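Have a look at the structure below, then the notes.
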Amino acid sequence: MESWNETVTESITNRLKQFQQRSNESPTVWVTELIEYFNSVGVELPSSELVELLVSQMCSENVKDHPSTWKFLHHALSSKLIFPLQLLSLLAYKVFRNRFSHPHAYALFLPLLDQHAFNFQPIASVSCSNKIIKSVDSVLHFSETFKIHDLELGHVFVLFYFNIIIALIDSTLNDWGLQVNFNERSCLVPTGDQHMEIDHNMTHNFKKGDYREQIRKRNAITALEVLERLSENKKATILLQSVLLNMPENFNCLLQRLQFLESLDLASSELKVVNQVLRKVSAKIRGVSHFDYSLNKHQVVGISVDVGPCKTLLKCNYRSCWIPLDIYMENAMDSRQIPIKSAIEVLTEGIKTLQIFNQASWHETFLALWLSALRLVQRERDPPEGPIPHLEARLCMLLSIVPLVIVNVLRDDTEHNLSTAPVSVGSEYKHEMKSDLSMKLGLISSVQVLGHFSGLLCPPALVVDAANQAARKASSFIYNSMKEKGEPFTSINANANSNAGGNLRHLIVEACIARNLMDTSVYFWPGYVSTSVMSLSDSTPLGKSPWLTFMEGTPLNNSLINALAATPASSIAEIEKLYYIALSGSEVERPTAAKILCGASLSRGWYIQEHVVHYVVKLLACPVPHSNSGTRGLFVDNMSMISAVLRGASSVDTLHILSLHGVVPTVAASLLPLCEAFGSISPTPISTGDESSTSVYMAFSLAFLFLIRLWKFCRPPLDQCITEGGIAVGGLEYLLSLHNNCVMSSQDKQKSNQNLFDSASFKPVYIDSFPKLRALYCQYKSCVASTLSGISTGNSIHQTASVILSMIYQKMSKGGISSSNSSSPNSSNACSALINSGEDALQRPVLPAWEVLEALPFVLEAILTACVHGRLSSRDLTTGLRDLVDFLPASIAAIIDYFSSEVTRGVWKQVPMNGTDWPSPAAVLQSVESEIKAILTHVGVEVPNCSSGGSPVTLPLPMAALVSLSITFKLDKSLEYIHAITGAALENCASGCPWPSMPVIGSLWAQKVRRWHNFIVVSGSRSVFRHNNESVAQLVRSCFTSFLGVLSGSNSKLTAECSVNGLLGSSITAPGAFPFVAPGFLYLRSCRDIHNVQYLNDVIVGLVTEYSNELAGIRASSGSSRLKSNESSLFLAAQSAKEMATLGASLLCSAGGIQLVQELYKETIPTWLLSSRDVKRKNDNVMSYILEGYAIAYLLTFSGSILWGVGTKLPSPKLSRRNHTIGVHLDFLAEVMERKISLSCNPITWKTYVCCLVGLMVSFAPAWLQEMKVDSLRKLAHGLSRWNEHELALSLLQRGGTAAMGALAELINVIEFEHKKPCS
């Protein structure tokens, strides 16, 4: 095809002149002649050059517009000679600017616009399309103004329509003489229109016979009429919705104009009709901002599926909507899974997501949050005693974490309203504040309603005094208030039926008041204070608080110290004073203040707990120097204070409280310099053996063992395979990356707001800055990966190992060590050399801790080898290991590391646990095994035969050594920092042994600590799920049964209480002969240890499918055979399908997190759709396939929502991962839609799945779609349109971001064309 050239231009110009002279001819003849001419010279149609030529000759001072030209344009637009959008765009730019001097042209343009504004037909020629886009963009600058890099013809259509709406409003206002400065002007109407004379009286004094002025006046009214018709079109709603969703700031500028128009008082009799037009236009455009696509009563395969809000559920199933909250909170209490991410952040995002998915009010959302936290506390009523977080961590969740979550939600909502509030001219528009007010009222009403849940409000014994004190505080306030007003105290509506004092609601109210979520007016709620408390209101006040004594300046004596440590502080000022004493007090005061700070104020100071946590972390991060001896001297000067902090923070409950507040990464980063410094200092000969004082070894051990607990040091190597951003999740590098990201984020916020909470003391930390720690960390990872290599005699590590061996043999007879050659696995001549070097046994080495730890793997290999060959007895081996731990407590880390690695390799021989060589579990083993079996049977798991029978009980040598060492430790609070990692190491180490190993280890400990029996038995029951897939499947099935009930006939005991309590239990262990636990509780304590965790995806998807099938059978049999006549039955079935999908998603995310969810999107669901399920279905009907597709779609969407949320405020790596994962799945769906991939599932299941998945994303997670590939969205939308799912297809593209606007415009045209096709 030839391009347009000067010859063509000249020829066309002459022809146009001739046409004007032939005005008596029909313009159709002219159009036909031009088309024939263009075909003859090879010019592609529609011709963008012709449009530019025509527009250049219009509204010109030198060329008078000929009426025949406008007639020609009308006919040309109806043919393919010119493209309507290009002509209207270029003509509008010129006509609007010249409407004063050429009112007749404006009058002729408006009907043209009215008729052809929505005339948008696709262009086959890519070159023609590109020319048109370039031509329009060169004049209107859409790509620059709206930041669209790849401008498509559809973009031009949407943006032109939006700008023409604004231009019609602006030009009309100007024509009326109103000069209003809006935030953004239309590209078609210039700012400060110089052509119009301002007349603030809204009238014009037209001269008699001034025809041009009359046209201008009529044009203003005609423009409004055109505006009315353009806004009434169905396409208009779709286009404006797209602008609203993807360009809210621009849409707000349109609302700004509407607001101004509505404020006008057009009283002139000539403009009465204008008032009606303005009201219609305003109502139409404002109606766009109130639309909301939803799956409610959405037609899927011809059947109505209503997935309405959770409040429409039956009351007995109300809690099922919120089960993710209960599951997350209980999962967060697992002591072996120290949460790295802040529970505040997780729950903040979680309740936002649930509020959207459940379509719930904020009252319902906050009530569900409180109830879940209350159930969490009540579940601790009669827990098995053991080294696990207890009531303090659970109360932290209820009284500190949940209020802080609500603070975050209110803050985020306020910030969102400020950033997205519509632009307003006047001050009367205050609707942006309604959301915040509604949320606050929802919070207050939710706490008030808690009074109806008396069973959950009964305070545990630990907090009875605190609850009574809170109730008495409210009563005193009421009494004093009534006394001031002179009103009788008896007029208050007290709860006469309650004999108790305070309850957990009183503590909740105080926690909310402390964070400004409520005020003291809530004390006057009817029944808030019981009569028994009110009777004490004027009695003698309680004794003086020790904190008041402390603030008055009383020195810290023993009695005051004990009182302060046992009593939570009540104000931040008290904590601040204590903090500065810990930093700059005397040598005696500093550790004492640190001890008090880590006492009751940290564990039970719920109203200011986040501040206590902050100051505790600051003490670890930035101690003030007391000397000029450098960093090492700085740490030595503060060693006693730091050790006191580490001792206080090392308890199981306290560490869990720190983790719930999300400071684990910061604590880990603070411990690195402490470990590096203390581990590099050589202790004095006296301090190495002094266990009562704070020695360098003890300070190092406290810091180092605390650090390795945080990085999940004793977890099996398999767990290190889960990565995020290329870093192993839970590893030390991962913790440091989280800390550094947090520091950088805080620094950015502080730059913009200098009043933010102090974060200057926290700096980025990198492991390369600590060479000693880095070397040991690398050694740890290499020890996990491979066996030790021999070391040559004379090596510095060999010399250190020799000195350590000399120390640990000091209690053994020298004659018991022979010189026979070793033949054990991994032995070397170096090992024998180390054994035979045990001279000078009475000397303890004076070496830096790092050197000791570096040599320990070789020492341990040597003594294990000696034990194998009889040169060292098992008793002496255990004694030597214990002596080593007494010498350097941090040695337990090296022992665990080495022994765990050796057990995993499986190269050491089994040793008999017979009570002679090694401790025997025989006394309680049979009882422990039977109780484990009973627990598993209770939750529906068929147990493999774990009984040792008559065969001797054996364990691998390293395992036997480790468990023998562990039972030598005293159960002392001061040794909790050692017990914490030893217990977890034993359980994880047992995973590398045959199945009966865990009962053996548990029996040994049950003999030592009888009061831990129930805890040990429950822990032992978890080990069966590590390797046994069938047991995992049975446990997950029991979780579904206990929560949802059994659909088909069954006598399972798990169906007795189908609810949250059925799933997780109303208490941790049920009363009875055996410590029975609920299936959900056992699952949460086991799921993270399942080796083949990917298997869970298949299990959960299979169960959701199976339940959907059974559910369909029940609903179909209970109703009519014609489903359309039984929509209520399908509604209830859809709600049940939602419940099971919600449970499945929650269980799945608890087990594998991002790893499982990614696989669900990329592998599991695509495979499920591709494979044909030959399993015999109980109910092969349409409803079955519909529910199956809907449930799986909900499972997938909700799983992603739990993990990533539904908003846009995500860290960059997390956002990138979400976009990639969802994008892969949508690409797969798009390929199927294009028939490039064939499926084997039922077509009804496929159609339901796609429609529901897209509908759920559109309704609940539109932010997901903004980052997806436009091509994939286009394919999906066209596929949905072929199914006549036009509304869903359009909604999908509307939420695809500005990049999808072009595809949206194309689809509108396709749908319109389909509707115009004649019925065959």
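Nothing here was measured: the structure is a model prediction, and the numbers come from that model. For this chain, numbers begin at 1 and follow the sequence in order.
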Using side chain to side chain donor-acceptor pair (under 3.5 Å) as the criterion, point out the one residue from S601, S603, S400 that pairs with Q609. S400
If only atom types and distance count, is the side chain of [X] paired as donor or acceptor with the main-chain N or O of [Y] below 3.5 Å?
X	Y	value
E364	S361	yes
S1150	S1146	yes
N358	A360	no
R1295	V1258	yes

Flag the pair [X] / [Y] as yes when at least one side-chain heavy-atom distance between them is below 4.5 Å, and no otherwise.
X	Y	answer
T1142	P324	yes
L655	L710	yes
R394	Q378	no
Q469	R472	no
V447	V522	no
L1064	L1084	yes
V377	P460	yes

Please round to the nearest 0.5 Å and tell me the distance separating atom [atom1] of [X] and atom [atom2] of [Y].
X	Y	atom1	atom2	result
L398	M329	CG	CE	8.5 Å
C458	L456	SG	CG	10.0 Å
F1043	L1147	CZ	CG	9.5 Å
H739	I340	NE2	CD1	14.5 Å
I1154	T1221	CD1	OG1	6.5 Å
I401	I406	CD1	CD1	12.0 Å

Thinking salt bridges, do R375 and D326 make one under a 4.0 Å N-O criterion? yes
Show me the side-chain donor-acceptor pairs of residues 505-513 shorter than 3.5 Å, one per line, residues at least two apart or across chains.
{"unit_1": "R505", "atom_1": "NH1", "unit_2": "Q448", "atom_2": "O", "d": "3.0"}
{"unit_1": "H506", "atom_1": "ND1", "unit_2": "N503", "atom_2": "N", "d": "2.9"}
{"unit_1": "H506", "atom_1": "ND1", "unit_2": "N503", "atom_2": "OD1", "d": "3.1"}
{"unit_1": "H506", "atom_1": "NE2", "unit_2": "Y528", "atom_2": "O", "d": "2.7"}
{"unit_1": "E510", "atom_1": "OE1", "unit_2": "K473", "atom_2": "NZ", "d": "2.9"}
{"unit_1": "E510", "atom_1": "OE1", "unit_2": "Y523", "atom_2": "OH", "d": "3.4"}
{"unit_1": "E510", "atom_1": "OE2", "unit_2": "Y523", "atom_2": "OH", "d": "2.6"}

Considering all heavy atoms, the nearest W322-L354 contact: CZ3-CB, 3.6 Å
Parallel, tilted or perpendicular: which one describes the rings of F477 and F524, with boundaries at 30° and 60°? perpendicular
Going by side chain to side chain contact (heavy atoms under 4.5 Å, CB included), name the residues that satisfy it together with [X], two or more places apart in sequence or in a different chain.
X	value
L462	L391, E392, L395, R604
T348	I344, K352, V405, N408, V409, D412
V449	H363, L367, H452, F453
A1191	V1104, S1108, A1137

Taken in chain and number order and not counting sequence neighbours, the residues that satisfy salt bridge (charged side-chain N to carboxylate O under 4.0 Å, His left out) with R1085 are E330
Salt bridge (charged side-chain N to carboxylate O under 4.0 Å, His left out) involving E349 - partner list, sequence neighbours excluded: none
Qualifying residue, where the test is side-chain contact (heavy atoms from CB on, under 4.5 Å) with L1148 and the options are N1097, V1101, L1143: N1097
What residues, two or more places apart in sequence or in another chain, satisfy side chain to side chain donor-acceptor pair (under 3.5 Å) together with [X]?
X	value
N331	none
S454	none
S651	T654

Which atom pairs, donor and acceptor, lie under 3.5 Å between side-chain atoms of residues 1192-1204 and protein residues at least two apart or in another chain?
{"unit_1": "T1197", "atom_1": "OG1", "unit_2": "A1193", "atom_2": "O", "d": "2.8"}
{"unit_1": "S1199", "atom_1": "OG", "unit_2": "L1195", "atom_2": "O", "d": "2.7"}
{"unit_1": "S1201", "atom_1": "OG", "unit_2": "T1197", "atom_2": "O", "d": "2.8"}

Say whether H661 and E610, considering side chains only, have a donor N or O and an acceptor N or O under 3.5 Å apart. no
Please collect all salt bridge (Lys or Arg N to Asp or Glu O under 4.0 Å) contacts where either partner lies in residues 450-459, sequence neighbours excluded, each pair once. none
